Amino acid sequence: MGGTITGEHGVGVEKIRQMCLQFRPAELAQFHALKAAFDPAGLLNPGKGVPTLNRCADYGAMRVSRGQLPFPDLPRF
Amino acid sequence: MNAVAHPDRRADVLAALASVRPALAVVAEPERLAAFETDAYIQHRATPLAVALPDSEDQVRQIARALERLGVALVSRGAGTGLSGGAIPDPDGVLLVCTRMRRVLAVDAIARLATVEPGVANARVTEAAAPAGLYFAPDPSSQVVSSIGGNIAENAGGVHCLKYGLTVHNVVGLRVIDGEGDLLELGGEALDSPGYDLLAVLCGSEGNLGVITGATLRLLPRPEATETMLAAFGTVKAGAEAVGAIIGAGVIPAAIEMMDRVVIDACERYMALGLPKAEALLLVEVDGGAEETAETLAKVRGILASCGATEVRVAKNDEERANLWKSRKGAFAALATVMPDYYTMDGTIPRRALPEVLESIYALGREYGMVIGNVFHAGDGNMHPCIFYDSAKAGELERSEELGGRILELCIDHGGTITGEHGVGLEKLKAMCLQFREGEIAAFHDVKRAFDPAGILNPGKAVPTLKRCAEWGGLHVRGGRIPRPDIPRF
């Protein structure tokens with residue numbers, strides 16, 4: 001419907017899986033790049049808010065566009 | 001700035017642009033490139049290798065991919081009305097001009113949203129929304145020509161941002177091609193969206209982080225009533241104090257603009273408007289529901305009187321309102337009658353510091369023996385001191401820039417900033433070293449790398465390198481130590 005998975009409660013651990021549906025891989029990669037910019041060692045609240053691309057691939061929930069699975073080279077399951 | 005590119009490089013770039021499908025409009029002849037060599041910061045210019053005029057987001061994506069591969073700079077722009085040089089081309093790069101992508105794709109009256117391409121002029125959005133009784137609130141003075149993409153990249157303001165916010169507060173969604181040629185959809189039609197707020201990061205990023213290829217804009221209903229008044233004051237101080245008194249009383253006017261004697265005289269000379277004889281004029285506009293607006297008008301009139309206004313004129317109709325605004329809207333044209341050249345600054349200060357900072361600005365003018373006029377967005381503390389000079393006289397341009405730098409330092413000393421709405425671009429790179437400490441500038445570079453690992457997007461603009469700050473000697477010195485003593489200087 002063009003909406004979002006969270007209005008005001010945040011993602012945390014609860015909606016991490018739905019983040020794979022909301023965003024495409026390039027967007028998730030951008031979130032990770034930005035986190036790396038502020039937190040190069042990855043110490044700040046790891047594993048929350050934004051899922052890893054691997055995790056999205058494992059859930060099989062990545063957006064498939066133009067009949068292609070994104071990042072087919074990522075190991076899954 | 002006009003370096004001659006290696007001929008092979010130029011050929012590679014032209015070949016890359018020629019490979020874009022569907023075929024792309026490209027300008028590469030020197031005489032036609034001349035039209036693109038500057039924006040509205042005309043003190044500087046440069047000729048790009050080529051200008052690309054895409055019609056679609058997919059062409060932008062292909063261009064970014066190709067240039068990333070070649071490691072060639074990509075400077076994007078809209079109408080080129082930017083005042084700080086953010087859209088001046090890179091002599092070794094491609095200038096991407098978005099003005100062909102100028103459609104209003106949809107106006108949704110229920111959601112009060114407009115979906116547009118980046119090259120559409122700001123005023124065109126309001127035209128498209130008008131049949132639904134809606135409008136797009138941000139109104140930079142350049143709105144008849146300046147594009148939405150450029151407004152977003154500069155986080156443009158305008159006379160009504162006091163009440164209705166800057167561009168960032170009126171954009172809910174963005175489509176962006178980043179420095180690797182990836183499409184990012186940021187924000188959305190909901191009030192909040194999950195993940196980091198990259199939409200806000202992109203607003204005001206001056207082409208450093210991505211090329212804006214589409215935007216979803218918030219539309220507002222036209223207010224039921226608007227009242228506009230002009231108040232005259234015998235001293236600048238009294239006018240400045242009235243600004244604080246109005247806000248302090250809990251009123252948020254749609255706009256509070258201020259003009260001093262230099263500007264009033266110039267407007268009279270240029271437009272013969274019959275303005276009151278005064279040292280300072282305040283133009284105050286209030287809007288909202290009919291009863292609320294009438295009540296606010298009475299309240300503001302009372303405050304203006306108690307602050308020593310010698311005269312208050314209230315517009316009786318739209319024609320009179322347009323006349324009151326004429327002085328403000330035409331002021332910068334009128335200022336051309338004062339001296340051959342002027343340099344407009346764009347610092348901000350906290351409102352409460354307005355009387356004191358204005359005094360200090362006039363004192364600096366006397367110190368440099370230069371005339372300064374002030375016409376600005378007083379309500380949000382966004383100053384636009386205009387320094388008058390004659391570029392035909394040796395050293396005057398440099399003196400105006402030095403005085404401008406002193407004014408920006410003054411703004412920072414009062415807890416303000418070096419730019420309110422015009423951006424950093426090339427113009428205020430040096431002042432950025434004063435505004436931010438080293439860790440903050442490093443964070444800007446880290447964020448840029450996240451969007452643009454190859455560093456092709458508008459390089460050398462908006463954020464200075466730490467090395468440059470060290471050379472200028474402008475980095476904050478804390479605890480008696482020079483920051484980063486390891487950086488080579490001079």
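Small disclaimer: the values here were computed from a predicted structure and weren't measured. Sequence lines set the chain letters: A, B, ... in the order given, protein chains first and strands last, and positions in each chain run from 1.
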**Item:** Side chain, backbone, both or neither of A/F31 within contact of chain B (heavy atoms, under 4.5 Å)
**Value:** both
**Message:** Between B/R102 and B/E117, does any side-chain N to carboxylate O distance fall below 4.0 Å?
**Reply:** no
**Message:** I want to check something: taking the side chain as every heavy atom from C-beta on, are B/L183 and B/V176 in contact at a cut-off of under 4.5 Å?
**Reply:** no
**Selection from A/G10, A/P40, A/G2, A/G7 maximising heavy-atom pairs under 4.5 Å formed with chain B** = A/G7
**Qualifying salt bridge (Lys or Arg N to Asp or Glu O under 4.0 Å) pairs with a residue from residues 32-50 of chain A, counting only residues at least two apart or across chains** = A/K35-A/D39
**Prompt:** Is it true that a side-chain atom of B/H445 and a backbone atom of B/P464 form a donor plus acceptor pair closer than 3.5 Å?
**Reply:** yes
**Fill in**
Listed by number, the residues in residues 187-205 of chain B that come under 4.5 Å of chain A (heavy atom to heavy atom) are B/A190, B/D192, B/S193, B/P194, B/G195, B/Y196, B/L198
**Asked** Looking at side-chain heavy atoms only, is the closest gap between B/K448 and B/L457 below 4.5 Å?
**Response** yes
**Prompt:** For chain A, which of B/V447, B/D446, B/L184 has the most heavy-atom pairs under 4.5 Å?
**Reply:** B/L184
**Prompt:** Can we say B/E57 and B/R175 salt-bridge, meaning some charged N sits less than 4.0 Å from an Asp/Glu carboxylate O?
**Reply:** yes
**Request:** For residues B/L24 and B/P54, report the shortest heavy-atom separation together with the two atoms involved.
**Result:** CD1-CA, 3.4 Å
